[in-house]
Number of protein chains: 2
Amino acid sequence: MVQSLAQGRSTHSAARAEDRIYDAIRHAVLAQQLPPGSRLPELTLSEIFGVSRSVVRRALVRLAGDHIILMRRNQIAVVARPGPEETAQIFEARRHIESEVIRQVAGHLGETARTEIAGLVDAEHTAHREGAHEDRIHLSLRFHERLADFCPNQVLAGILRELILRTSIAVALYKVPGISACYREGDHRGITDAIFAGDSELAARLAREHLDHLEQRLTLAERDGQVDLASILRR
Amino acid sequence: MVQSLAQGRSTHSAARAEDRIYDAIRHAVLAQQLPPGSRLPELTLSEIFGVSRSVVRRALVRLAGDHIILMRRNQIAVVARPGPEETAQIFEARRHIESEVIRQVAGHLGETARTEIAGLVDAEHTAHREGAHEDRIHLSLRFHERLADFCPNQVLAGILRELILRTSIAVALYKVPGISACYREGDHRGITDAIFAGDSELAARLAREHLDHLEQRLTLAERDGQVDLASILRR
DNA sequence: TAGACATTAATTGTCGACACAACATGAAGG
DNA sequence: CCTTCATGTTGTGTCGACAATTAATGTCTA
């Protein structure tokens, strides 16, 4: 409930520098622009964002706490690379928590919320038909995150947000190169309909199956890539 | 402060300094020695542990990520003080996750694990009968944490560990002053028996009721206390 | 006495410097 | 050709210093 990140206007905007770094990396990972294993040197980041390493470090420590990056002693931080077993556990945990979140959302949804969710689903569908792969992924993530926002239990919602991120990392790692293999047309629509109809059990079950399907579409082939940090994180 | 002659500290012993601080505060919060609202000034901590503020800061950022402490801009970090609503959400989340963890544990428990768990339950029972309140709390927490350790899904277990901590903070805040009001004699034993018998559904249900009972024993009276950091954290 | 206000102390925010460890490179030897 | 070792480079670990901000203190007035 107390989700407000309301930051006062204090020190110029340096107050937000840490959050800028945190959000930029988070966003880049979500958008699958920073593949698992990507290196994140403190000095490079401090130059990109124009602050000292102290600020970068703080953002990195937070990201490490979220299991988004891995910080090992005396080594460069890297984007997390969950193994097959951990990936399975992440999916299972997300199924268990998201189904409950959706069960709770099924009741508490106002009119404005409904139209927003329905709009997201429509937009995603359109993006898919037009082949806008990037947009579709973004809208899909937005769909799940907004549902979390509307959950009355924001503690559960916070846990779900973290798991959505970790799931994204796993998908980025193990998805088949083919573009939108991990998308099933009516899933989000079906979940939404069940939520609107107030059928919480059906909605929860559909969410479970939705995630099941996504997990089954993954393969376990490994691969890594190098990226240009500045071009991705700069904005 | 007078410890400044420690020139010969090698880097890898200092490496654990951060973990020492993190664990010490974590432990002190769990043991309810650091009441919610306690202030944690960086300089004070750095003097207590004989390191610079950089190391302290890192530990504090991690703790803030775990929702154990609250760090607001330009203000002293304080131990979290969840309000009534957040407390209810924490309990609900924990019920939902711990029941699943216990459901999973019910199958995968080797002989050594069983004896250890049973030993913990017995020791807790003894501590209760002898009025060793501190020991009982410690053993009770140990019981829940060890169950998490034995869960095959360690992602879920990690989430549960965080919720156990947050629950402890809430209990420290809202428990009635009377000593062991939040203890029901046979609860842990019953859960253990169900787990050993392989009855995962029963075990999960008992865990839920166990937490329900604990939550209902809380009152919402507010209070705060000042403590001497050095005497608690020093070891 | 109670409240408003100016002043002082305490605390966090940020930075740059230096020491140490890990990594990359290349030479020497088998 | 491959392995091994020395060496330089890169990057992190920690610290202390200074600036900016908040909290605390004391003073004055009604």
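Each chain gets a letter, A, B and so on, in the order its sequence line appears, and its residues count up from 1.
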Using the ring pair (Phe, Tyr, Trp, His ring centres under 6.0 Å) rule, collect all pairs that involve residues 135-173 of chain B, keeping only residues at least two apart or in two chains.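 Of all non-adjacent pairs touching residues 135-173 of chain B, those that pass ring pair (Phe, Tyr, Trp, His ring centres under 6.0 Å) are F143(B)-H188(B), H144(B)-H188(B), H144(B)-H210(B).
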Could you list, one pair per line, each protein nitrogen or oxygen that sits under 3.5 Å from a nitrogen or oxygen of nucleotides 10-12 of chain C, together with the distance?
residue : atom : partner : partner atom : Å
dT12(C) : OP1  : E42(B)  : N            : 3.2
dT12(C) : OP2  : E42(B)  : N            : 3.1

Residues which pass side chain to side chain donor-acceptor pair (under 3.5 Å) with D135(A), listed by chain and number, not counting sequence neighbours: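 Applying side chain to side chain donor-acceptor pair (under 3.5 Å) to D135(A) gives none.
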According to a strict under-4.0 Å criterion, is S54(B) in side-chain N/O contact with OP1 or OP2 of dT14(D)?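 No, outside the criterion.
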With sequence neighbours excluded, tell me which residues meet salt bridge (charged side-chain N to carboxylate O under 4.0 Å, His left out) with R142(B).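 Salt bridge (charged side-chain N to carboxylate O under 4.0 Å, His left out) list for R142(B), sorted by chain: empty.
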Sequence neighbours excluded, which residues qualify as side-chain contact (heavy atoms from CB on, under 4.5 Å) partners of L70(B)?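 Applying side-chain contact (heavy atoms from CB on, under 4.5 Å) to L70(B) gives R72(B), V78(B).
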Report the residues that fulfil side-chain contact (heavy atoms from CB on, under 4.5 Å) with N74(A), sequence neighbours left out, ordered by chain and then residue number.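 In terms of side-chain contact (heavy atoms from CB on, under 4.5 Å), with neighbours along the sequence ignored, N74(A) is linked to no residue.
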To the nearest Å, give me how far apart CZ (F49(A)) and P (dG13(C)) are.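 That distance rounds to 20 Å.
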Can you measure L45(B) atom CG to dC15(D) atom P for me and round it to whole angstrom units?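 So the CG-P distance, L45(B) to dC15(D), works out to 14 Å.
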